[in-house]
Amino acid sequence: MTFKTLPSSTPAILWRTIKAILFSFYLIFITTFLLFSLLEFFPDLVKAVSLQSIRYYAQASEYVADPTLVVVPRHANRVVDAFDFRGDVYSPGFGIEVPPISYHASYTNSGFRTNSSQPPFDMVVIGDSYIEFGESDDSTLSELLKQELGLSTLNLGRGWYGPPQYLEVFKRYGIGTTAHYAILAFFSGNDAEDTRQYIRWQRGGEGGDYYSFVVGRRSFFIKYLHAFRDTYKAIIHWRKELPRTESTEAANSHAVHPDVGMIQLGGNLVPMYFNYWNQHATSTQMLEREEWKHIRTVIGQFKALAEQHMIIPIIVFIPTKLEVYGSLFDHQSGSRFLSRIHEQLQFDMNTSDALEAVSQEQSVQMVNLMPAFRALARQGKVLYHPFDTHWNVTGRRAAAEALARGIQSTK
């Protein structure tokens with residue numbers, strides 16, 4: 001038996017190949033790191049070179065880090081216009097024609113929605129995007145509440161925030177307003193998860209991001225790695241994108257998309273998409289979790305601060321679309337929706353019950369919007385944009401009316 005030996009030049013070729021590969025990696029690292037550094041120091045260049053489709057740079061162009069709020073808007077006094085918006089969870093793949101929503105929003109120097117009221121304010125309204133959202137500046141919840149009560153209102157809503165940030169917003173912007181009422185709006189869909197994410201972010205360390213917000217990270221190199229990863233993912237996504245009309249399950253047929261629920265309203269079937277589903281836990285089990293213990297602390301501190309400044313604190317419970325409309329589903333709904341809905345309905349009161357328990361424990365008035373919203377749903381009212389997380393103007397007006405009744409009961 002004979003064995004072939006490698007040519008004497010093989011080690012040299014192998015070494016040259018390794019050096020070429022290492023040099024290529026070095027060039028990629030130096031080039032991308034220098035580009036990243038340039039964009040970090042000059043963030044306005046992100047829009048100039050159209051990198052907003054890359055997650056990291058989209059965040060960096062809109063937000064800056066904050067030591068207690070995680071992030072705050074980078075640009076003050078901005079204006080947002082959208083004319084072809086169909087909802088934050090809309091997809092052409094649902095195969096459903098959804099009329100566009102015209103959206104115009106202007107912001108103050110502090111990065112909150114513009115108010116028609118001027119200081120001194122009688123009432124501050126604090127919360128997440130439910131408080132920030134409004135198709136126009138005069139249709140936000142705070143503006144509709146002003147119409148109901150005739151009180152000067154300050155909108156302190158900001159998307160992506162949760163209860164720990166609400167408390168900080170109240171400290172920074174609320175207690176110096178001489179307001180008579182402070183309303184903290186708790187959204188059932190994600191405020192507990194927001195709190196869990198905030199606790200993780202506070203602890204720092206690896207994996208300590210608040211959701212996908214990495215702009216708040218202190219480590220320059222870690223932020224670079226996130227930017228590199230997000231850029232790579234964006235490139236892969238661009239390469240996979242092919243021109244197509246409606247190449248999804250429901251678009252090529254008349255069948256209801258598996259994830260769409262068909263809701264019976266006033267004798268009609270209204271298609272809706274539900275992106276917040278109920279936790280599979282009782283209210284008692286939820287209250288034992290770390291995030292709910294933190295929520296209890298937040299509400300207690302909110303009450304103490306408010307009363308210290310002669311402000312009446314009020315908690316408002318905002319239900320999810322599923323909690324309001326889930327029980328009105330029709331069996332013509334999509335298959336995946338039907339596979340989940342029966343189990344979901346067993347837990348559709350757990351979050352409101354948990355918040356009710358905390359509010360009673362802390363002796364803070366709570367206005368629960370769920371009963372009023374469910375009654376309106378049974379009357380055939382559409383209170384949410386069917387393919388968006390948020391209320392439409394009918395829903396915000398209903399919330400303002402219910403909240404106004406709750407506020408008047410405190411007098």
Side-chain angles (χ1 to χ4, degrees), residues 68 121-128 130-131 141-142 145 148-149 151 153-158 161-196 198-199 279 282-320 323 349-373 399-411:
T68 51
F121 295 104
D122 300 313
M123 178 167 48
V124 295
V125 187
I126 308 163
D128 62 4
Y130 267 84
I131 307 307
L141 176 64
S142 61
L145 197 52
E148 288 291 325
L149 293 170
L151 299 177
T153 60
L154 175 62
N155 187 322
L156 295 178
R158 185 172 287 163
Y161 282 7
Q165 289 109 317
Y166 303 161
L167 180 63
E168 180 63 25
V169 165
F170 183 52
K171 291 177 183 177
R172 291 192 198 183
Y173 304 101
I175 58 178
T177 60
T178 68
H180 189 56
Y181 299 101
I183 296 166
L184 188 153
F186 183 98
F187 175 49
S188 177
N190 60 13
D191 268 4
E193 177 61 20
D194 291 344
T195 305
R196 191 183 73 82
Y198 189 87
I199 294 169
Q279 292 284 316
T282 65
S283 60
T284 303
Q285 291 170 329
M286 292 170 65
L287 289 169
E288 292 300 316
R289 294 174 178 173
E290 184 181 31
E291 59 266 30
W292 274 95
K293 292 178 181 178
H294 197 83
I295 290 168
R296 181 184 288 112
T297 300
V298 164
I299 291 177
Q301 291 179 358
F302 170 66
K303 177 195 175 187
L305 270 173
E307 292 182 343
Q308 181 183 338
H309 291 84
M310 307 298 290
I311 300 172
I312 298 174
I314 298 174
I315 306 295
V316 56
F317 176 80
I318 299 177
T320 65
E323 288 170 330
M349 294 293 290
N350 56 359
T351 306
S352 62
D353 287 347
L355 189 65
E356 186 80 56
V358 172
S359 299
Q360 289 179 358
E361 176 190 295
Q362 299 295 332
S363 299
V364 179
Q365 181 188 358
M366 172 180 151
V367 177
N368 188 347
L369 298 181
M370 183 109 78
F373 271 50
E401 291 171 357
L403 189 48
R405 290 192 295 271
I407 291 172
Q408 288 168 336
S409 70
T410 66
K411 295 181 178 180

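Values below: every heavy atom of this structure, side chains too, minus hydrogens, waters and symmetry copies. Everything quoted here is computed from the prediction, not taken from an experiment.
- Going from atom CD1 of I183 over to atom CD1 of I131 covers 8.0 Å, rounded to the nearest 0.5 Å.
- Scanning for ring-ring contact (aromatic ring centres under 6.0 Å, His included) contacts around F373 gives W391, with sequence neighbours left out.
- Minimum heavy-atom separation, F187 to D191: N-OD2, 2.9 Å.
- Looking only at atom types and distance, the side chain of D353 has no donor-acceptor partner in the side chain of S283 under 3.5 Å away.
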Checklist entry - Does the side-chain contact (heavy atoms from CB on, under 4.5 Å) test come out yes or no for L151 and F121, once each step is laid out? => result CA-CA 8 Å; L151 299 177; F121 295 104; over 6 Å; no

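- I299 contributes atom CD1, which lies 4.5 Å from atom CD1 of I315 (distance to the nearest 0.5 angstrom).
- Panel note: side chain T153, backbone S142; a donor-acceptor pair is recorded below 3.5 Å.
- Counting only distance, with no hydrogens or angles, the side chain of Q165 and the backbone of G162 share a donor-acceptor pair below 3.5 Å.
- Residue pairs meeting the ring-ring contact (aromatic ring centres under 6.0 Å, His included) criterion with at least one member in residues 351-372: none, sequence neighbours excluded.
- Checked against the 6.0 Å centroid criterion, the rings of F170 and F302 qualify as a close aromatic pair.
- Heavy atoms only, all atoms of each residue included: P164 and T195 are closest at CD-OG1, 3.7 Å.
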Item to check | Verdict with reasoning, Q279 to T351, per side-chain contact (heavy atoms from CB on, under 4.5 Å) | outcome: CA-CA 8 Å; Q279 292 284 316; T351 306; 5.5 Å; no

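- How far CG of L154 is from CG of D122: 11.0 Å, rounded to the nearest 0.5 Å.
- A donor-acceptor pair is defined here as one N or O able to donate and one able to accept, closer than 3.5 Å; no such pair exists between the side chain of E148 and the backbone of L403.
- The line from CG of D128 to OH of Y166 is 3.5 Å long, rounded to the nearest 0.5 Å.
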Next on the checklist: Walk me through whether Y173 and V124 qualify under side-chain contact (heavy atoms from CB on, under 4.5 Å).
Outcome noted: CA-CA 9 Å; Y173 304 101; V124 295; over 6 Å; no

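- The environment of E356 atom CD is dense: over 12 non-hydrogen atoms of other residues, nucleotides or ligands sit within 6.0 angstrom.
- Ring geometry for F186 against F317 counts as parallel: the plane angle stays under 30°, on a 0 to 90° scale with 60° as the upper cut.
- The two atoms that bring A404 and L149 nearest to each other are CB-CD2, 3.8 Å, heavy atoms only.
- Shortest non-hydrogen contact noted between D194 and Y161 is OD2-O, 3.1 Å.
- Atoms CD and OG, from E323 and S352 in turn, are 6.5 Å apart once rounded to the nearest 0.5 Å.
- Heavy-atom minimum distance, L141 versus A399: CD1-CB, 3.9 Å.
- Evaluation of the side-chain contact (heavy atoms from CB on, under 4.5 Å) rule for T284 yields T282 as partners, not counting sequence neighbours.
- Contact record, A179 with I311: O-CG1, 3.1 Å, taken as the closest heavy-atom pair.
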Next on the checklist: Assess the residue pair K293 and E290 against the criterion (salt bridge (Lys or Arg N to Asp or Glu O under 4.0 Å)); give the C-alpha distance rounded to whole Å, side-chain angles, the decisive distance to 0.1 Å, and a yes or no.
Outcome noted: CA-CA 5 Å; K293 292 178 181 178; E290 184 181 31; over 6 Å; no

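- Rounded to the nearest 0.5 Å, atoms CG (L305) and CD (E307) are 10.0 Å apart.
- The side-chain heavy atoms of M349 and M370, taken from C-beta on, include a pair separated by under 4.5 Å.
- In this structure the side chain of Q362 reaches within 4.5 angstrom of the side chain of R296, judged on heavy atoms.
- Counting only distance, with no hydrogens or angles, the side chain of Y181 and the backbone of V125 share no donor-acceptor pair below 3.5 Å.
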